[in-house]
Amino acid sequence: MKFLVFFLRPFLDLSAPVISSYLLATYTRVRFCCAVCTMDIPQQISSVNSMSKFALFAGFYADFNMDFWCRISPVIRVISEAPEVLFRIRGGLSLSFPLAAVDESSCKKALAKEFSNLSAKLRSESLVFHVSRTSLYIWPNTGVSTSPNDLTADSPCGDVFSLIQTDDDDSKRRSSKKKEKKIQQQVVNLSPMFEMSTSSKAVAPTIKYNTDCHHLVNITLPMDTAVSLPTEDKWGSLQKILVDKLVHQLADMEKCLMKYMKGSAICVAEPFHFVLPGRKELVTVVYPAGVAESQLENCRRVLHGEFNLPLDRPYFKRANAYHFPDEPYKDGYLRNPHVHLNHPALEGGTALVDVGDKPSSFVGSRQWIGSIEVQLVLNQLLGVTSKIMFVNQGTELASRGRDLVLHFQTEGTPVMIGGGVLAHTILGVNWSETTGEIKFLILDPHYKGAEDLQTIVEKGWCGWKGADFWTADAYYNLCLPQRPDVF
């Protein structure tokens, strides 16, 4: 089951006297990236007071499995004002070599030799890049291209967009501001290939006939590298960077194949790109295909150590790989909760019947469930435990600021609150330890319209509420899900 979750990861503004789970720097464009979506929050963010600016909401999609609470904690990337171009080289490189013996030692020796030859070939004059949707071919190791007048070594690399054919015939008539925004969101795709013809003198062909028995090994390496550069960077320097990236990934492919080789059986190596906190560029990791995530745990722990990352979120799981904006989704995750989604009450109702909380007639009914039932459903379906916070009156919620701040800092999961005839989701709090003043970032879970930020904010479906938002004489139960260890 797939589900839409509204959630923000803590980002503290140290200049403010309050602790907030959802503070964003003033007028900063922030991109939220997770396993299955990317979106931009508008620059104009409404404020609660003169010292702090708050993002109101973001939508994230999470898979209802053991990665659930990890997936809804997105990585926050601050994008520089200068537009950037993402150059992606993707294509297969062939490895073909004979084996006189099929033992592992001989196979590794032959494989290492072939990788060395291929690496040298990538540095040679025969390497060619073709830019997708253009007639442009580039010889990166010589600086030659089929459009020498349009792209010189000193040309900004963003000029390549003038050669790319698009479906938008009016793109050239757009304002410079819109052009810049479009460049930020585009990817330049390149395919690697090798030129067969050479400048050497023609020689007579020779034929060598070998009667020995050999095994022929054919492997296609699915190369996939990504380089993000400002549009004003030089085209000449870009070409060297692209070749270096390709050679580096080839070395990673070799390490992966050597490590997971069993006898003469060679695995398929697959590259994945990841967005990490505090890093502007994508980080690429090569994993062996067909190997379970549980078997790669030690590998991921090493990566977490190399990049100084905490172990509470599986940043390097393949399901959390970066999705390129120009690429269709093929992973089966649900991104529009209003399409192909069964009513959650059906599965939740079945779970409550299974644990003995409700009679069988409850399944498919229109009866509401509260925080206690949410706790049971999460535990039954996902194995996620929750804490329950109870208050006798709505006025008591103002005194629970410290407890809620601690929850968002340590667990970071949305809080479901129910009381009387109302139910809401608390996404964050803005609490002053000095005065005790508190505001709650509230999402109304009953909203079912389009993903229109202006409507959601202006109509009050998501926003900051004071302590007087809660009914004074009503009791409330709060469900605080505890994030499981999903590394």
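- Shown here are the side-chain contact (heavy atoms from CB on, under 4.5 Å) partners of K240, two or more places apart in sequence or in another chain: D244.
- Between V243 and N141, the closest side-chain pair of non-hydrogen atoms falls below 4.5 Å.
- In this structure a side-chain-to-backbone donor-acceptor pair under 3.5 Å is present from T146 to S135.
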Margin query: Before you tell me yes or no, could you show the steps for L136 and S145 under side-chain contact (heavy atoms from CB on, under 4.5 Å), namely the whole-Å CA-CA distance, both residues' side-chain angles and the distance that decides it to 0.1 Å?
Written below: CA-CA 7 Å; L136 177 62; S145 74; 4.0 Å; yes

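- Within a 6.0 Å radius of CG in N308, other residues, nucleotides and ligands contribute 12 heavy atoms or fewer.
- Sorted by first and then second residue, the pairs that involve residues 119-147 and meet ring pair (Phe, Tyr, Trp, His ring centres under 6.0 Å), not counting sequence neighbours, are H130-Y137.
- Applying the side-chain contact (heavy atoms from CB on, under 4.5 Å) criterion to A153, with sequence neighbours excluded, gives no partner residue.
- For F274 and Y315, the distance between ring centers is not under 6.0 angstrom.
- Applying the salt bridge (charged side-chain N to carboxylate O under 4.0 Å, His left out) test to R88 and every residue at least two apart in sequence or in another chain returns D224, E327.
- Remark: D444 pairs with H446 by the side-chain hydrogen bond (donor to acceptor under 3.5 Å, both in side chains) rule, at least two apart or across chains.
- Partners of F440 under the ring-ring contact (aromatic ring centres under 6.0 Å, His included) rule, at least two apart in sequence or in another chain, are W470.
- Note on residues 92-117: pairs passing salt bridge (charged side-chain N to carboxylate O under 4.0 Å, His left out), not counting sequence neighbours, are E104-K108.
- Considering only residues two or more places apart in sequence or on other chains, S116 meets the side-chain hydrogen bond (donor to acceptor under 3.5 Å, both in side chains) condition with none of them.
- For the side-chain contact (heavy atoms from CB on, under 4.5 Å) test, residues two or more places apart in sequence or in another chain that qualify with E293 are L296, R300, K317, R318.
- Across L427 and P414, no two heavy atoms sit closer than the pair CD2-CB, 4.2 Å.
- Remark: T410 engages L406 in a side-chain contact (heavy atoms from CB on, under 4.5 Å) (not counting sequence neighbours).
- A side-chain N or O of S126 and one of S124 form a donor-acceptor pair less than 3.5 Å apart.
- For F316 and F272, the ring centers sit 6.0 Å or farther from each other.
- For the salt bridge (charged side-chain N to carboxylate O under 4.0 Å, His left out) test, no residue two or more places apart in sequence or in another chain qualifies with E458.
- With rounding to the nearest 0.5 angstrom, the CG atom of L216 is 8.5 Å from the CG atom of L99.
- Here the shortest heavy-atom pairing between E84 and S228 reads OE1-OG, 2.6 Å.
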Checklist line | E411 vs T413, side chain to side chain donor-acceptor pair (under 3.5 Å): CA-CA, chis, key distance, verdict | finding: CA-CA 6 Å; E411 300 298 330; T413 57; 5.7 Å; no

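- Among pairs with a residue in residues 224-268, none fulfils ring pair (Phe, Tyr, Trp, His ring centres under 6.0 Å), at least two apart in sequence or across chains.
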